[in-house]
**Q** 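So that we are looking at the same thing, I have put the structure below in structure tokens.
Quick caveat: nothing in here was measured; it's all calculated off a predicted structure. The sequence lines fix the lettering, A, B, ..., with proteins before strands; numbering per chain opens at 1.
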Amino acid sequence: MSDLFNNSRPECEEIYPDMFLLTDFTPIEPISKQANLIIKLSPFRRMMTPMGHYTGIEITNCGEYGWTSDLNGYQYSTIDPVTRKNWPLMPEEFLQLANRAAKTVGYDNFIPDSCLINQYKIGTSLGTHQDKDEKDYQWPIVSLSIGLTATFQVSGAKRTGNSTAFQLHQGDVLVWGNSARLAYHGVKKLKPDTLNPRLDKRINLTFRKAG
DNA sequence: TAGTCACA
DNA sequence: TGTG
């Protein structure tokens, strides 16, 4: 994993209505260091979907609530089904990053109680879906990208039809809420970086207020 | 259909 | 390769 921090100026662009891309928003090194500690406590695993398939990406969580999937459906749980213990604590660095990103685009006092950590290997993707398992949709979704660049696709209120796609680079934070809160979105199949063949994965941190 | 796969 |  590269720890390089691109020193270009952070930018904030409303890339879709009520969806903001904060380019190069944070140094990655301290964040990925904490993520690695979490992964040791609650390891990555694929999860069974309600339809009986496994997710392509690998998943773990930290914070009070973790997003889980099994044959019964999706739900937030305070217990990791693999370790049968609570999820690892949310690091202070995570809380502050998510709070600062939300505040940058107008959401004050965002205190996430859930951080979903998704690992994308080359060739994996995340199908179009909504984030709708949270209790209160007034809070935004805050998402940090680490590692390989991915193509993020938003298709709005409908799962199919017109869509907008853009790149998410390491250090980028995407924040969405209000009219975009329940927008269908997904991540296209991850491709290798021909200039950095050593990079072989992408890790995404998604901060939410679930409970 | 937090997936895939057949089809354009 | 993008879409339903």
Side-chain angles (χ1 to χ4, degrees), chain A residues 15-16 19 35 38-39 42-83 87 90 94 98 112-137 139-168 172-177 180-194 201-211:
Chain A
I15 201 158
Y16 188 89
M19 179 175 283
I38 290 160
I39 292 156
S42 273
F44 280 128
R45 81 294 304 263
R46 286 182 229 270
M47 289 188 182
M48 183 72 81
T49 68
M51 295 305 290
H53 302 108
Y54 280 99
T55 58
I57 61 172
E58 297 168 295
I59 298 169
T60 189
N61 293 274
C62 68
E64 184 178 359
Y65 296 99
W67 184 88
T68 63
S69 175
D70 59 31
L71 287 173
N72 299 318
Y74 313 132
Q75 72 173 105
Y76 283 96
S77 171
T78 59
I79 299 295
D80 176 348
V82 168
T83 66
W87 300 98
M90 176 122 43
F94 285 20
D113 55 19
S114 174
C115 174
L116 174 64
I117 306 177
N118 285 336
Q119 175 165 266
Y120 298 73
K121 300 270 181 66
I122 288 167
T124 65
S125 62
L126 182 57
T128 310
H129 68 278
Q130 294 174 294
D131 290 14
K132 60 175 184 182
D133 306 305
E134 301 74 29
K135 191 176 288 181
D136 188 345
Y137 299 145
W139 297 107
I141 307 290
V142 175
S143 165
L144 168 69
S145 294
I146 299 173
L148 278 172
T149 296
T151 303
F152 190 88
Q153 191 169 39
V154 193
S155 57
K158 292 179 310 215
R159 192 173 178 278
T160 61
N162 290 340
S163 64
T164 303
F166 49 91
Q167 304 288 104
L168 293 178
D172 290 354
V173 174
L174 194 63
V175 183
W176 68 98
R181 178 59 181 75
L182 293 173
Y184 280 95
H185 60 281
V187 178
K188 300 178 87 169
K189 194 168 79 169
L190 191 69
K191 290 182 290 193
D193 181 347
T194 51
K201 64 190 174 191
R202 167 176 187 262
I203 290 178
N204 179 259
L205 272 45
T206 306
F207 300 96
R208 305 185 178 104
K209 176 113 177 58

**Q** Counting any heavy atom closer than 4.0 Å, what does A:G52 reach on the DNA or RNA strands: base, sugar-phosphate only, or nothing?
**A** nothing
**Q** Give the minimum heavy-atom separation between A:S42 and A:T60, together with the two atoms involved.
**A** O-OG1, 2.7 Å
**Q** Do the non-hydrogen side-chain atoms of A:Q153 and A:K188 ever get within less than 4.5 Å of each other?
**A** yes
**Q** Report all interatomic pairs (protein N or O, nucleotide N or O of nucleotides 1-4 of chain C) with separations under 3.5 Å.
**A**
residue, atom, partner, partner atom, Å
C:dT3, OP2, A:Q153, NE2, 3.4

**Q** Rounding to a whole Å, what distance do you find between A:Y54:OH and B:dG3:P?
**A** 14 Å
**Q** Apply side-chain hydrogen bond (donor to acceptor under 3.5 Å, both in side chains) to A:N118 and list each qualifying residue two or more places apart in sequence or on a separate chain.
**A** none
**Q** Mind checking what makes side-chain hydrogen bond (donor to acceptor under 3.5 Å, both in side chains) contact with A:T149, not counting sequence neighbours?
**A** A:H169
**Q** According to salt bridge (Lys or Arg N to Asp or Glu O under 4.0 Å), does anything in residues 55-81 of chain A pair up with another residue at least two apart or in another chain? List the pairs.
**A** A:R45-A:D80, A:E58-A:K121
**Q** Could you state the CG-P distance from A:D131 to B:dT1, rounded to the nearest angstrom?
**A** 14 Å
**Q** Rounded to whole Å, how long is the line connecting atom CD of A:E58 with atom C1' of B:dG3?
**A** 16 Å
**Q** Taking CZ from A:R46 and P from B:dG3, how many angstroms apart are they, rounded to a whole number?
**A** 11 Å
**Q** Check side chain to side chain contact (heavy atoms under 4.5 Å, CB included) between A:K158 and all other residues, then give those that pass, not counting sequence neighbours.
**A** none
**Q** For A:E134, which residues count as a salt bridge (charged side-chain N to carboxylate O under 4.0 Å, His left out) partner, sequence neighbours excluded?
**A** A:R181, A:R208
**Q** With sugar-phosphate meaning primed atoms plus P, OP1 and OP2, does A:T55 contact a base, only sugar-phosphate, or nothing at under 4.0 Å between heavy atoms?
**A** sugar-phosphate
**Q** Mind checking side-chain hydrogen bond (donor to acceptor under 3.5 Å, both in side chains) for A:Q130 and listing every partner two or more places apart, or none if nothing turns up?
**A** A:Y184
**Q** Could you pull out all residues at least two apart from A:I79 that satisfy side chain to side chain contact (heavy atoms under 4.5 Å, CB included)?
**A** A:S77, A:N86
**Q** Got a sec? Which of residues 119-129 of chain A come in under 4.0 Å of DNA chain B, heavy atoms?
**A** A:L126, A:G127, A:H129
**Q** Taking salt bridge (charged side-chain N to carboxylate O under 4.0 Å, His left out) as the definition, give me every residue that meets it alongside A:R159, ordered by chain and number, with sequence neighbours left out.
**A** none
**Q** Distance between the C1' atoms of B:dC5 and B:dT1, in whole angstroms?
**A** 14 Å
**Q** Identify each atom pair where a protein N or O and an N or O of nucleotides 5-8 of chain B are less than 3.5 Å apart, giving names and distance.
**A**
none

**Q** Using the P atom on both, measure B:dT4 against B:dA8 and round to a whole Å.
**A** 22 Å
**Q** Once side-chain hydrogen bond (donor to acceptor under 3.5 Å, both in side chains) is applied, do any residues pair with A:T206, and if so which ones, sequence neighbours excluded?
**A** A:N204
